[in-house]
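Below you'll find the structure, written out as structure tokens, and then a few comments.
Reminder, nothing fancy here: chain letters follow the sequence lines and each chain counts from 1.
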There are 2 protein chains.
Amino acid sequence: MSVSKTIPVAWQRAHDHGQCIAPAINAAARICESRGIRLTPLRRRVLELVWENHKPVGAYGLLDELKREHSSAAPPTIYRALDFLVEQGLVHRIQSLNAYVGCNDPGHSHKGMFLICNDCGDALEIEDKGVANTIDRFASRLGFLLTSQSVEAAGLCPGCQEA
Amino acid sequence: MSVSKTIPVAWQRAHDHGQCIAPAINAAARICESRGIRLTPLRRRVLELVWENHKPVGAYGLLDELKREHSSAAPPTIYRALDFLVEQGLVHRIQSLNAYVGCNDPGHSHKGMFLICNDCGDALEIEDKGVANTIDRFASRLGFLLTSQSVEAAGLCPGCQEA
DNA sequence: TATTGTTATGATATAATATAACAATATCCG
DNA sequence: CGGATATTGTTATATTATATCATAACAATA
Ligand SMILES: [Zn+2]
Ligand SMILES: [Zn+2]
Ligand SMILES: [Zn+2]
Ligand SMILES: [Zn+2]
């Protein structure tokens with residue numbers, strides 16, 4: 001990864017995809033193994049495709065890629081695989097984009113938060129206790145029983161501000 | 001509004017729609033007036049329909065209602081009106097539901113947050129500085145330029161937990 | 001009042017996203 | 001094995017959203 005003087009190091013570190021595909025797949029395999037559920041070839045391949053994109057990617061984008069090597073693939077094929085991966089916390093759905101992105105840190109439940117660049121379309125997953133805790137406090141004060149939360153912020157990433 | 005012993009008063013207060021339609025429309029009219037933009041009859045009517053639902057409602061739901069009195073209405077009709085209302089902060093879009101709900105407190109920019117009941121479908125808008133500030137801090141630490149944020153939490157409202 | 005630029009709406013078509021329903025296989029487990 | 005369960009195949013359809021071009025209303029001048 002090249003280094004820019006004008007782009008904050010924090011962002012560069014946080015955002016470095018590096019060689020992340022194989023480790024992500026291996027981690028997913030271990031997680032599924034330990035849970036006694038099946039990361040079938042199809043599900044594994046969809047997870048790889050999600051990671052290969054290195055950006056949030058839509059279900060139909062993934063479907064097009066999958067079709068090249070798996071001619072029987074149809075919308076339900078990809079949605080089933082994605083539903084499985086999301087349920088298992090291996091992939092996150094970005095609500096504001098109708099798109100999916102691999103989870104940086106699967107295996108232990110975390111309340112993620114995303115910074116989404118409106119220009120390059122990239123999304124950075126942030127581990128954040130503060131936001132999640134604040135939401136929890138609000139909810140419990142109101143007697144609301146939380147089951148899920150989605151925090152998405154959009155704007156311009158450091159790289160896209162330079163132009 | 002009836003009072004329940006088992007439902008927190010905080011929720012009941014926060015969630016009391018009461019007679020909110022006329023004040024909301026009047027506030028919207030004043031805001032548009034002051035901004036020099038036009039709350040046309042069509043836009044006003046769509047805003048009324050949003051409020052009449054008292055819940056997040058989808059574009060096509062609104063369209064069906066609008067068609068009864070406005071036979072020329074088509075998808076672009078409703079989406080244009082909604083885009084206008086959202087841009088002006090009079091209506092919020094709930095990303096996780098693909099639905100729209102009237103803003104409780106339009107006129108001054110606020111970073112809202114929603115508690116969404118998975119059972120009754122209702123959504124409570126919460127004014128919250130804490131969450132917004134935390135997100136702001138994260139973003140600026142990373143050099144990310146924020147333009148919008150969406151915070152949505154789902155679960156069960158007090159009423160729906162009783163059953 | 002004409003001219004003209006701008007904004008808003010009408011109208012038709014189509015794109016993009018997501019699910020229903022049922023059949024066919026594959027896997028698991030006694 | 002044989003029956004139950006889980007996964008995938010297949011077709012059709014539902015739901016949400018936008019593109020495009022034409023027309024109408026409005027606003028700002030001349
Ligand atoms: Zn994650
Ligand atoms: Zn960017
Ligand atoms: Zn609001
Ligand atoms: Zn409820």
Looking only at side-chain N and O atoms, does B:Thr40 come under 4.0 Å of OP1 or OP2 in C:dT9? yes
Atom CG of B:Leu82 to atom C1' of D:dT18: distance rounded to whole Å? 14 Å
Note every stem involving DNA chain D: at least three consecutive Watson-Crick or G-U wobble pairs, i with j then i+1 with j-1, with both distances under 3.5 Å. C:1-30 with D:1-30
Which parts of residues 54-63 of chain B get close to DNA chain C, meaning a heavy atom less than 4.0 angstrom away? none
A:Arg45 and A:Glu52 ion-paired at < 4.0 Å: yes
Whole angstroms only, please: what is the CZ-C1' distance between B:Arg44 and C:dA8? 16 Å
Are any non-hydrogen side-chain atoms of B:Glu152 and B:Gln95 less than 4.5 angstrom apart? yes
A:Asp64 CG - C:dT17 P separation (whole Å): 10 Å
How far does OG1 of A:Thr77 sit from NZ of A:Lys67, to the nearest 0.5 angstrom? 9.0 Å
Rounded distance in Å - CG (B:Leu39) to P (C:dT7): 17 Å
Which atoms of nucleotides 28-30 of chain C (N or O only) lie under 3.5 Å from a protein N or O atom, and what are those distances?
none

Cluster link A:Ile25 to A:Leu90, ILVMFWY, side chain under 4.5 Å: yes
When you group the ILVMFWY residues by side-chain heavy-atom contacts below 4.5 Å and let the links chain together, are B:Val151 and B:Leu146 in the same group? yes
What integer distance in Å separates B:Tyr79:OH from D:dT20:P? 18 Å
Check the hydrophobic clustering (I, L, V, M, F, W, Y; side-chain heavy atoms under 4.5 Å; chains of links allowed) and say if A:Leu82 and A:Phe84 are grouped together. yes
d(CD1, A:Ile78; C1', C:dT19) in whole Å: 15 Å
Less than 4.5 Å apart, any side-chain heavy atom of A:Cys32 and any of A:Arg30? no
Apart from B:Val101 itself, residues in the same hydrophobic cluster as defined by side-chain heavy atoms under 4.5 Å: B:Ile94, B:Leu97, B:Phe114, B:Ile116
Members of residues 86-103 of chain B that approach DNA chain C, where some heavy atom sits under 4.0 Å away: none
Hey, what are the protein-to-nucleotides 10-12 of chain C N/O distances that come in under 3.5 Å?
unit_1 : atom_1 : unit_2  : atom_2 : d
C:dG10 : OP1    : B:His70 : NE2    : 3.2
C:dG10 : OP1    : B:Ser72 : OG     : 3.1
C:dG10 : OP2    : B:His70 : NE2    : 3.4
C:dG10 : N7     : B:Arg80 : NH1    : 3.0
C:dG10 : O6     : B:Arg80 : NH2    : 2.6
C:dA11 : N6     : B:Arg80 : NH2    : 3.4

